[in-house]
Peer 1: 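Sharing a structure with you now.
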Number of protein chains: 4
Amino acid sequence: MGVTMDGTKQQRRGNTRQRIQDVALELFADQGYEKTSLREIAEHLDVTKAALYYHFKTKEEIIVSLFEDLTKPIEDLIVWGRSQPHTLQTKQEMIRRYSRVLADAEPLFRFMHDNQGTVRDLRIGDIFKDRMRDLRDIFTDPEAPLVDQVRCVSAMFTLHTGMFVMKDMDGDPEERREAVLEVALDLVTQAHEHAGER
Amino acid sequence: MGVTMDGTKQQRRGNTRQRIQDVALELFADQGYEKTSLREIAEHLDVTKAALYYHFKTKEEIIVSLFEDLTKPIEDLIVWGRSQPHTLQTKQEMIRRYSRVLADAEPLFRFMHDNQGTVRDLRIGDIFKDRMRDLRDIFTDPEAPLVDQVRCVSAMFTLHTGMFVMKDMDGDPEERREAVLEVALDLVTQAHEHAGER
Amino acid sequence: MGVTMDGTKQQRRGNTRQRIQDVALELFADQGYEKTSLREIAEHLDVTKAALYYHFKTKEEIIVSLFEDLTKPIEDLIVWGRSQPHTLQTKQEMIRRYSRVLADAEPLFRFMHDNQGTVRDLRIGDIFKDRMRDLRDIFTDPEAPLVDQVRCVSAMFTLHTGMFVMKDMDGDPEERREAVLEVALDLVTQAHEHAGER
Amino acid sequence: MGVTMDGTKQQRRGNTRQRIQDVALELFADQGYEKTSLREIAEHLDVTKAALYYHFKTKEEIIVSLFEDLTKPIEDLIVWGRSQPHTLQTKQEMIRRYSRVLADAEPLFRFMHDNQGTVRDLRIGDIFKDRMRDLRDIFTDPEAPLVDQVRCVSAMFTLHTGMFVMKDMDGDPEERREAVLEVALDLVTQAHEHAGER
DNA sequence: GATGAATGAGAGTTCATTCAT
DNA sequence: CATGAATGAACTCTCATTCAT
């Protein structure tokens, strides 16, 4: 129950779980997982810590739930990628879609990027690693030369870098996004071309 | 003091500071900064926590000292880069040297990579950011098209990714290192070529 | 409500109170009173904690209710004992009946035995103490020498010990029960004989 | 540092560990292990909770340390018992000594008696069980009839009961102690006599 | 050059209990 | 007859830090 202007308590229409997730994600992304305490999350929501435990069994479960809810689009992307022919077009489209996925769940991926060490220790670490590998396996031909495999991985991580590290570069964000995308597309294209030459 | 064969304690003539740094770096790189407690460091050294405070004023100072001691090569690289003409050769040589620098202080850079969020909050965050910017400014012509600037940044981060993320890829490490280097070199070369076309 | 084969919930026509008692006793006896949480009880029953509060006002009331329901036989035994002449036969028969009572409500008495400190703080502590005193007063003649009073108390507690402590002794349980009973009977007999000698 | 009459702080001459044990034992014996919080112990000592953790790694370690420090006499008794011939005299002397041991470390054994369930879960549970078995093996001849074995165990537990349960009986404590001892001695004597008859 | 002893702040977690629905 | 949502108080435990010796 919250407090209204006249001091009475107010119904929370069962959206508390969602609100916890929202606040937690914001704080996790801003300050990191370990530096964000449950007290802090609770205070932001005007709830007691115990309330958090009604909705989530542990602190880790909060981040796991966020991960599970927000990485659905990546799973979808993997499914889609697997259903397509392994052409250059497909790979380019994958890069474009992946770029969009990252942008849509920016806070989560910013969190993952800034806390790679922490994430690895959490239960989501392995899952995330698997997803990354799945994506890579769609981009790269395991028979391809190592250098082309690297190019593809580099394309993926260029998107990450573009989102989370180049924030301080000049130019407006949208322009930068396009430039990053172009470089990533170039990388997969080059990787593919060599394949054709073989 | 350590324990010798006859059970007596042994002098560690003044190298304790160094030993603290060594152990701390190992633990920070393995477990992260916040998940490594001073108690843990002290135990690994068979010393009390208070002893750490004799050598370092705070926990943060330990990592700062590591950073300062170990990033000298990057400073040198920047100085060198600035003293050279802005040719493609220079940039390629920079990439090669940077790659070596990363490899030589692998634990520190692995730590920085895995704990980007934490690092940002620490005092070293700004310093590191400045270094990265300095490097970038040597690689990229601020007048160059955005996409080429991105390419150069991407080259640098490809080296990072190659060191800390692609560990699970097949192939032996040395081969992988070379492949990564090749991709990075390609990226700066492309960035440069376009510049020439203008 | 439970789950039937077609997935719908099933009536538990008013026996929930009973089921709570059953599960609670089992858990209390196994883990102790304080180490058993209401959450745990509720989960075992596939019911919410709040449901427990519909049937019992507090956690303590659960154990009180168990105690009241299950120690009726002891009350009966006391009533019977008082109605009999204070002969040796009576005392021996009391021992036999007491032994049976303990065996019949084994989990409760095991709980009481293992948690004597806790029980003392609970509301049932005093009640139980009174019952024990009542029993003792039937066994022992307050005029009898102290040593004989001790013998009678010892007889009673030998039965307890026999049930809850000697579980790890060799021999099959039934044999052991009889041996324990024989020792207890001996003790009251000796107490009585001395009385005769006076 | 403590507070003196004039409000200044006072040295604690390194006896804090001992003081923690003393206070903890008193509270554990009075209220039980789980119902005694570390906050409570700390407050009694005018120290912070963290100070307790300087001296003991966990709450359980406090009780373990008490157990280890205070049950040495039982170990000694076992050693002594094993070195003696298995005569009636030995057994009787064992009973007498055991009675004294219990009296000397009364608070610890009162705690053990009142919290048998808790003790079982703690690390000391198994150790204690072993000690009891060792004692039993000295008292009882494994070849003896079951009923005589029971008599011996009963003798031991009569001593316990005498110390911790019969407190509310009339008569002065010393008289009661003697009466209890007499009953226990009788029990082992009877057990032994039967053996002779075989 | 280092230790022993302690602190204050705070962490995550669990508990019995309440109450509107 | 029972649930969903929440609370407040307590818990054990850990941390970086301090300081007299």
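Chain A is the first sequence line, chain B the second, and so forth, proteins listed ahead of strands; every chain is numbered from 1.
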Peer 1: Using the ring pair (Phe, Tyr, Trp, His ring centres under 6.0 Å) criterion, which residues pair with B:F164? Sequence neighbours excluded.
Peer 2: B:H113
Peer 1: Got a sec, which residues hit ring pair (Phe, Tyr, Trp, His ring centres under 6.0 Å) with A:H55, two or more places apart in sequence or on another chain?
Peer 2: none
Peer 1: Please check the phosphate of F:dA6 (OP1 and OP2 only) for any side-chain N or O of A:H55 closer than 4.0 Å.
Peer 2: yes
Peer 1: Heavy atom of residues 114-127 of chain C under 4.0 Å from DNA chain E: which residues?
Peer 2: none
Peer 1: Round to the nearest Å and state the distance from D:F56 atom CZ to F:dT14 atom P.
Peer 2: 15 Å
Peer 1: Output side-chain donor-acceptor pairs under 3.5 Å for residues 58-66 of chain C, partner residues at least two apart or in another chain, one line each.
Peer 2:
{"residue": "C:T58", "atom": "OG1", "partner": "C:E60", "partner atom": "N", "Å": "3.3"}
{"residue": "C:T58", "atom": "OG1", "partner": "C:E61", "partner atom": "N", "Å": "3.1"}
{"residue": "C:K59", "atom": "NZ", "partner": "C:Y33", "partner atom": "O", "Å": "2.9"}
{"residue": "C:K59", "atom": "NZ", "partner": "C:T36", "partner atom": "O", "Å": "2.9"}
{"residue": "C:E60", "atom": "OE2", "partner": "C:R123", "partner atom": "N", "Å": "2.6"}
{"residue": "C:E61", "atom": "OE1", "partner": "C:K57", "partner atom": "N", "Å": "3.1"}
{"residue": "C:S65", "atom": "OG", "partner": "C:Q21", "partner atom": "NE2", "Å": "2.8"}
{"residue": "C:S65", "atom": "OG", "partner": "C:I62", "partner atom": "O", "Å": "2.8"}

Peer 1: What is the distance, to the nearest angstrom, from the OH atom on B:Y53 to the P atom on E:dA6?
Peer 2: 19 Å
Peer 1: Dot-bracket for DNA chain E, 5' to 3', with Watson-Crick and G-U pairs under 3.5 Å, [ ] for crossing pairs and | for other-strand pairs: what is it?
Peer 2: .||||||||||||||||||||
Peer 1: From CG of D:L45 over to C1' of E:dA6, roughly how many Å is that when rounded to an integer?
Peer 2: 13 Å
Peer 1: Where along residues 29-43 of chain A does a heavy atom come under 4.0 Å from DNA chain E, residue by residue in number order?
Peer 2: A:T36, A:S37, A:L38, A:R39
Peer 1: Using the closest heavy atom to pick a nucleotide of DNA chain E for each, name whichever of A:A50 or D:T48 lands nearer the 5' end.
Peer 2: D:T48
Peer 1: Could one point to a donor on the side chain of C:K49 or the base of E:dT17 with an acceptor on the other under 3.5 Å away?
Peer 2: yes
Peer 1: For A:Y54 and F:dA6, is the shortest distance between a side-chain N/O and OP1 or OP2 below 4.0 Å?
Peer 2: no
Peer 1: Could you tell me the separation between the CD atom of B:E60 and the P atom of F:dA16, rounded to a whole number of Å?
Peer 2: 12 Å
Peer 1: For F:dA6 and A:T16 - does any side-chain N or O of the residue sit under 4.0 Å from the phosphate oxygens OP1/OP2?
Peer 2: yes
